[in-house]
Amino acid sequence: VEVWARHELDDNRDRLDLVVIGLGYVGLPLAQQAIRRGLAVAGYDLDADAVEGLNLGSSRVDDLSDADVSEMVASGFFATCVESVIGRADAVVICVPTPLDEASGPDLSAVLGATEAIARHLHSGQLVVLESTTYPGTTEDVVRPILERDGRIVGRDFYLAYSPERIDPGNPEFGVANIPKVVGGCDEASTRAAADLYGRFVEQVVEVKGTREAEMSKLLENTYRHVNIALVNEMAIFCHDLGVDLWEVIRAAGTKPFGFQAFYPGPGVGGHCIPIDPNYLSYKVRSLGYPFRFVELAQEISARMPSYVVDRIVWNLNERELPVRGTRILLLGVTYKKNIADDRESPVLQIAEKLLGMGADLEYHDPFIEAYEVGGSTLRSVEHYLEATGEAALTVFLQDHDAYDLDNLARSAKAVLDCRGRMEGPRVELL
Ligand SMILES: NC(=O)c1ccc[n+]([C@@H]2O[C@H](COP(=O)([O-])OP(=O)(O)OC[C@H]3O[C@@H](n4cnc5c(N)ncnc54)[C@H](O)[C@@H]3O)[C@@H](O)[C@H]2O)c1
């Protein structure tokens, strides 16, 4: 806490180009890229431990190393829990979480909190951009009224825009700099101001006619993935029953040079985007009095996948006259996505809980997750997965982290249920 307090005192009078609100998977890489291009940037976050850690050069997201954060700090970046920092910036970008509430509807409390903080420090000419994924209308109907409350008017006293966050954690090819940035403002001046800001550190800015179009473009992208993943998940279930190798089918269809994009089945959808964002859209559509059937269907199908994987585990063991109870089962890879340490909303948790509930002698390995909370108990990642796979009656391959030696795995395992379609061999069964 002292660390940020000191920064606060040192820089109290300096202007900043940008304050990023919410220093997580989205906000930190954004701040990093802006700093690399020479902008003066600070971060505001409610999490005091995270703030202190960042100022001491310790990263909290996969895409940035400690060295990256130290480099940012050396270039003048600082994080703070003191909201008055917002008042020192020409632009403020909101990158706070947008989860679901208990009724699976949008939980905008972090966006509201961040907007209220901005309203307390908003100054003339300041640009505010919302990046958090949300339903169309949030910027206009939720954020704008709070900022205009004291008689200020957008386009005259300040600028307001939406620009969807499109980061793909763990993707070495595409990051903040080279993913085109869509921006849509409440008015032309706001679109211009936001385009100017991003144009300083992002290669390509795509202007759209308004905030709603910008909000919806992100939801179209995620819904498109969501629906297509559900499509292949549903196909995986009946292809198995029909005796068709769907992985081979996708490989074949993928050779068509146009009109087809390959999606692959898996143990369910996870993370902070695919299982959550389309709910924001279906919530909004439902308010019109009718459902968004594609999204709801996709949700239903993908939500079935963890139990389907458990069924396949049971069948696999059954063939060998093994009960689940007391049998050693090894889960490989528990994160929702390959090569990152993020297990938010991972469907693997449901699989693990079911197997534990059935009395399985459950083990897991993940190079990124040392300890795993499952149904009230804490499991620890086994040290040597190749050894463990030779001892388990069944290895369930759930996430294809690059660290896994697939040939060796297929050879060492007693039996594998490969939910990623990556292995072959006499003891390998594909999802
Ligand atoms: N992670 C991704 O891959 C990804 C990709 C695309 C879009 N998004 C979207 O981006 C948004 C942010 O996601 P994230 O993954 O970066 O979240 P995160 O949980 O990694 O980080 C969010 C940060 O915001 C802070 N915060 C919460 N409320 C705050 C407030 N009122 N004021 C200041 N700070 C506050 C939290 O302490 C946390 O540090 C979400 O809308 C998400 O859907 C995420």
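Note that ligands are numbered from 1 as they come in the structure, with each ligand's atoms numbered from 1 the same way. Please read these numbers as outputs of a predicted model, since none were measured by experiment. Position 1 is the first residue of the sequence, and the numbers go up from there.
No donor-acceptor pair under 3.5 Å is formed between the side chain of Glu296 and the backbone N or O of Ser282. Looking only at distances, no side-chain donor or acceptor of Asn228 sits under 3.5 Å from a matching main-chain atom of Arg225. Looking only at distances, no side-chain donor or acceptor of Arg200 sits under 3.5 Å from a matching main-chain atom of Leu39. Between the side chain of Ser132 and the main chain of Val96, a donor-acceptor pair closer than 3.5 Å is present.
Of the options Asn171, Ile167, Val26, the smallest heavy-atom separation from atom 8 (N) of ligand 1 is shown by Val26. With Thr98, Thr115, Leu54, Thr134 as candidates, the residue nearest to atom 43 (O) of ligand 1 on a non-hydrogen basis is Thr98. With Val111, Asp47, Asp45 as candidates, the residue nearest to atom 36 (C) of ligand 1 on a non-hydrogen basis is Asp45. Of the candidates Ile118, Val96, Asn222, Val96 brings a heavy atom nearest to atom 35 (C) of ligand 1.
Looking at atom 15 (O) of ligand 1, its nearest protein heavy atom turns out to be Arg344 NH2, 3.3 Å. Nearest protein heavy-atom neighbour of atom 21 (O) of ligand 1: Gly24 CA, 3.3 Å. Looking at atom 24 (O) of ligand 1, its nearest protein heavy atom turns out to be Gly22 CA, 3.3 Å. Protein heavy atom closest to atom 28 (N) of ligand 1, with residue, atom name and distance, is Ala110 CB, 3.5 Å. Of the protein's non-hydrogen atoms, the one nearest atom 9 (C) of ligand 1 is Thr133 OG1, 3.5 Å. The protein non-hydrogen atom at the shortest distance from atom 7 (C) of ligand 1 is Glu165 OE1, 3.0 Å. In this structure, the protein non-hydrogen atom closest to atom 27 (C) of ligand 1 is Pro97 CD, 3.5 Å. Protein heavy atom in closest approach to atom 20 (O) of ligand 1: Tyr25 N, 3.0 Å.
Considering Glu148, Arg152, Gln126, His123 as possible partners of Asp157, the one that fulfils the side-chain contact (heavy atoms from CB on, under 4.5 Å) test is Arg152. Under the side-chain hydrogen bond (donor to acceptor under 3.5 Å, both in side chains) rule, Lys181 has a single partner from Glu165, Glu203, Glu131, which is Glu131.
Under 3.5 Å, the side chains of Tyr290 and Arg286 contain no donor-acceptor pair of N or O atoms.
Residues Asp141 and Arg212 are paired through a salt bridge, judged by an N-O separation under 4.0 Å between the basic side chain and the carboxylate.
Less than 6.0 angstrom separates the ring centroid of Phe263 from the ring centroid of Tyr224. Under the 6.0 Å cut-off for aromatic ring centres, His226 and Phe294 do not qualify, their centroids lying 6.0 Å or more apart.
Here the closest non-hydrogen pair linking Ala371 and Thr378 is CB-CG2, 4.0 Å.
Every atom of ligand 1 is numbered from 1 in the order shown, and the set under 4.0 Å from a heavy atom of Ile21 is 32 (N), 33 (C). Residue Arg60 has at least one heavy-atom neighbour below 4.0 Å for each of these atoms of ligand 1: 39 (O). Less than 4.0 angstrom separates some heavy atom of Ala114 from each of these atoms of ligand 1: 31 (N).
For the ligand labelled ligand 1, residue Ala50 lies outside the 4.0 Å heavy-atom shell. In this structure, Lys218 counts as a contact residue of ligand 1, since one of its heavy atoms falls inside 4.0 Å of the ligand.
With a 4.0 Å heavy-atom cut-off, ligand 1 is reached by the backbone of Cys95 but not by any atom from C-beta on.
Not a single N or O atom of Tyr336, backbone or side chain, sits closer than 3.5 Å to an N or O atom of ligand 1.
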